[in-house]
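Just below is one structure, and these are the notes that go with it.
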Amino acid sequence: MSLSSDLKSLDEMKKVLEDLTLNVKQVQDDLLEEILAHNANTEYLQRFLHGRSDKELFKKNVPIVTYKDVEPYIERVANGEPSDVISAYPITRFTFSSGTSGGKRKLLPFNMKYLENIIFISKLHSFVICRHINDAEQGKVLRFDFIKPESTTPSGLPAVPVSTNVLKSDYFRNLASKHHTSPNEITFCGDSKQSMYCHLLSGLVQRKDVVSVSAAFASALVRAIDFLKEYWKELCSNIRLGQVSEWIEDISCRNCVSEILGGPNPELANLIEKECNQISWEGIITRLWPKTKFIECIVTGQMTQYISTLEFYSNKLPIICMNYLSSETALGINLNPLCKPQDVSYTFMPNMAYFEFLLVDEVNKVEIIVDLVDVKLGCYYEALVTSFTGLYRYRMEDVLLVTGFYNNAPQFRFIHRNDVALSIDVETTTEEELLKAVANGKMVLESSDLTLTDFTWYADISTVPGHYVLYWELKAKKKSTILELDEKLLTECCCTVEETFDFLYRKFRSKDGLIGALEIRVVQPGTFDSVMNFFISEGSSLVQYKTPICMRSIHALAILEDKVFARFFSDKPPPF
Ligand code: AMP
């Protein structure tokens with residue numbers, strides 16, 4: 001988070017926001033004109049526009065594409081052909097998406113325009129926070145950021161997750177060094193375990209300065225607390241003795257954390273020990289970092305599953321969910337940061353990219369595409385992006401609902417990814433339905449000592465008929481108790497989960513016998529960490545990582561299967 005001092009002035013930022021949101025149409029038209037004027041002679045656009053750059057021709061001739069369509073062009077640049085295959089702006093770096101939101105990992109161009117946009121969003125973000133939270137700048141942020149070591153494309157251009165490109169830029173380095181409890185050396189360590197340990201150590205030592213605890217996604221914050229559960233004794237011992245554990249081998253990281261530690265501090269170690277030793281970890285964030293005013297991370301979309309855990313750990317501090325960003329482009333920002341997580345909507349910023357919207361009309365299946373200013377309240381759309389990074393009418397594959405307007409800028413609620421769905425026969429179960437089903441199943445656990453820590457779905461067609469499989473990692477609510485699985489309870493979970501699904505699923509399952517009984521496979525504690533480590537070893541970044549809602553990777557499935565220790569099935573078909 002940048003602070004008010006980094007903005008030219010709050011008044012100036014307010015004016016920028018008002019101008020942009022009042023003049024959405026003009027800003028969008030100007031932006032499209034600029035993108036087309038610059039890029040009309042790229043090989044890609046030349047095919048459709050023949051060197052011209054007018055909006056009508058663009059709308060008429062340039063096709064709507066998915067990543068698969070543009071991948072060959074991007075690959076050509078990555079393999080050494082000039083940037084102008086797709087972009088007039090030089091592509092000097094690439095980013096890859098986490099590959100865990102939807103299908104596979106995507107390689108995408110990165111350039112200064114992308115970075116400028118993210119810097120703009122970051123400034124706006126700070127402005128919005130300063131406006132809503134008193135004295136947000138009077139302290140430090142305990143922020144869990146991580147980078148991935150650089151890899152290169154076949155032509156030698158650097159390729160890293162977009163978060164790494166952003167964090168390594170001068171602007172964000174400078175910001176972090178001023179306002180975060182972790183010096184950049186900790187974030188840049190490259191080994192996520194050492195990084196995580198040092199983020200916590202540094203944050204614990206500076207506990208009285210911390211005003212917010214944050215990460216990009218809620219899952220990373222929950223992981224940080226889980227890590228603390230495992231390592232608090234060692235962290236306390238380091239603080240007591242004033243010495244960093246031997247296994248922190250990254251020399252820059254080690255040096256800067258040693259400096260922060262100063263010398264032995266038994267008093268602080270005792271205090272942390274006392275808090276962490278309590279049976280319940282309820283409110284642990286506010287107990288360890290008593291001046292924390294808010295938690296900040298994304299809790300929309302698939303991250304909603306972590307809201308209750310974060311509320312538990314933070315004694316229901318406000319959870320601020322600010323940005324809607326992707327490797328392709330920045331999209332929007334939440335201008336009402338103190339709203340409930342369930343009510344978060346993102347106001348699209350018209351200067352980020354040229355946005356069009358494909359109406360999601362399941363019933364009539366007609367293809368209606370409208371401009372940003374023409375979206376209608378209450379309708380569902382998928383955003384199409386035309387950017388300065390070589391993407392033209394590119395489908396984002398996220399389904400969004402229009403919930404309101406700030407001046408003339410539409411606000412969207414994130415609903416789900418379009419490309420995530422489970423299917424055995426011709427039924428398709430969307431990400432939203434899968435999340436809802438898990439939430440219902442989770443409610444059945446409420447009365448027990450069990451709590452759900454992570455999950456993923458899989459359509460198992462190796463059985464006849466095929467069936468939906470839900471991998472669950474569970475833990476005991478009370479730290480001291482052993483995980484006991486009650487067959488009746490977990491069977492009830494299976495039935496409740498199934499009952500959530502739509503008519504077609506229930507018909508196929510109950511009447512036609514085309515879908516078999518839903519199964520919950522309980523995996524050993526730590527399994528989802530192993531799955532995450534696998535994705536990270538494949539190039540995902542810890543910052544952008546989200547457990548896939550549906551698992552498609554054969555390797556990740558093998559990891560899950562290896563750790564299954566109990567299986568439960570629904571024992572009756574759902575009513576239909
Ligand atoms: P990546 O490019 O790997 O960072 O993933 C981008 C994707 O993450 C987006 O297309 C969304 O599906 C998801 N995402 C990003 N920001 C949000 C948000 N604020 N709420 C829900 N999902 C998000």
Side-chain angles (χ1 to χ4, degrees), residues 66-67 74 94-110 114 117-118 121 125 128 145-148 159-167 214-221 296-307 319-337 339 341-349 352-353 355 381-385 387 389 391 394-401 403 411-421 430-432 434-435 532 535-536 538-550:
T66 61
Y67 181 72
I74 295 176
F94 280 86
T95 64
F96 35 78
S97 69
S98 58
T100 52
S101 340
K104 63 179 239 182
R105 205 173 65 155
K106 305 171 210 156
L107 187 69
L108 291 156
F110 181 90
Y114 183 101
N117 281 349
I118 296 289
I121 290 282
H125 172 152
V128 173
D145 272 333
F146 306 85
I147 63 143
K148 286 286 291 181
V160 284
V162 74
S163 46
T164 298
N165 271 335
V166 168
L167 289 167
S214 87
F217 287 96
S219 51
L221 268 192
E296 197 196 324
C297 56
I298 291 172
V299 282
T300 43
Q302 68 188 89
M303 294 295 136
T304 44
Q305 55 177 305
Y306 300 106
I307 295 172
I319 302 177
I320 292 190
C321 173
M322 285 301 286
N323 303 326
Y324 173 30
L325 310 172
S326 73
S327 307
E328 289 88 347
T329 183
L331 299 114
I333 183 160
N334 175 10
L335 295 177
N336 185 13
C339 70
Q342 298 78 353
D343 296 335
V344 171
S345 285
Y346 301 100
T347 306
F348 267 42
M349 286 296 123
M352 295 292 98
F355 296 114
Y381 296 95
E382 184 185 328
L384 307 177
V385 164
S387 74
T389 53
L391 303 174
Y394 169 99
R395 290 181 65 165
M396 283 297 303
E397 318 246 18
D398 290 334
V399 174
L400 311 169
L401 167 69
T403 52
Q411 301 177 304
F412 295 89
R413 180 165 306 153
F414 185 95
I415 304 298
H416 61 78
R417 293 243 359 137
N418 210 7
D419 52 357
V420 178
T430 65
E431 176 183 319
E432 198 184 6
L434 294 171
L435 288 173
M532 178 183 74
F535 279 109
I536 286 173
E538 291 285 287
S540 261
S541 88
L542 197 54
V543 176
Q544 288 162 257
Y545 180 78
K546 313 145 197 105
T547 304
I549 291 185
C550 296

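Each ligand, and each atom within it, is numbered from 1 in the order the structure gives. Below, all heavy atoms of this structure are taken into account, side chains as well, without hydrogens, waters or symmetry copies. Numbering starts at 1 and runs along the sequence shown.
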Between [X] and ligand 1, which residue portion shows a heavy-atom distance shorter than 4.0 Å: side chain, backbone, both, or neither?
X: F414; result: side chain
X: T300; result: both
X: K546; result: side chain

*List in chain and number order the residues that pass side-chain contact (heavy atoms from CB on, under 4.5 Å) with A215, two or more places apart in sequence or in another chain; answer none if no residue qualifies.*
F144, A220, L221

_My understanding is that only residues two or more places apart in sequence, or in another chain, count here; which of them pass side-chain contact (heavy atoms from CB on, under 4.5 Å) with S326?_
E328, T329, L331, M396

Can you name the atoms of ligand 1, numbered from 1 with element, that are less than 4.0 Å from a heavy atom of [X]?
X: S327; result: 1 (P), 2 (O), 3 (O), 4 (O)
X: D398; result: 9 (C), 10 (O), 11 (C), 12 (O)
X: Q544; result: 1 (P), 3 (O), 4 (O)
X: S326; result: 2 (O), 6 (C)

_Aromatic ring proximity F414/Y324, centre distance under 6.0 Å_ =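 Between Y324 and F414, which both carry aromatic rings, the centre distance is below 6.0 Å.
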
*Carefully, step by step, assess L400 and I415 under the rule side chain to side chain contact (heavy atoms under 4.5 Å, CB included).*
CA-CA 5 Å; L400 311 169; I415 304 298; 5.6 Å; no

*So is there a nitrogen or oxygen of E328 less than 3.5 Å from a nitrogen or oxygen in ligand 1?*
no

*Test of proximity, Y346 against ligand 1: N or O pairs below 3.5 Å*: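 So ligand 1 has an N or O lying under 3.5 Å from an N or O of Y346.
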
*asked:* So does E397 get a backbone contact from the side chain of E382, meaning a donor-acceptor N/O pair under 3.5 Å?
replied: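 Yes: the side chain of E382 pairs with the backbone of E397.
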
*Should F110 and V162 be marked as a side chain to side chain contact (heavy atoms under 4.5 Å, CB included) after you check the CA-CA gap, both sets of side-chain angles, and the distance that decides it?*
CA-CA 8 Å; F110 181 90; V162 74; 4.1 Å; yes

*Out of T304, L108, L325, whose heavy atom sits nearest atom 14 (N) of ligand 1?*
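Result: the heavy atom closest to atom 14 (N) of ligand 1 is in L325.
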
_Within-4.5 Å side-chain heavy-atom neighbours: F217 and Y545_ =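 No; the side chains remain at least 4.5 Å from each other.
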
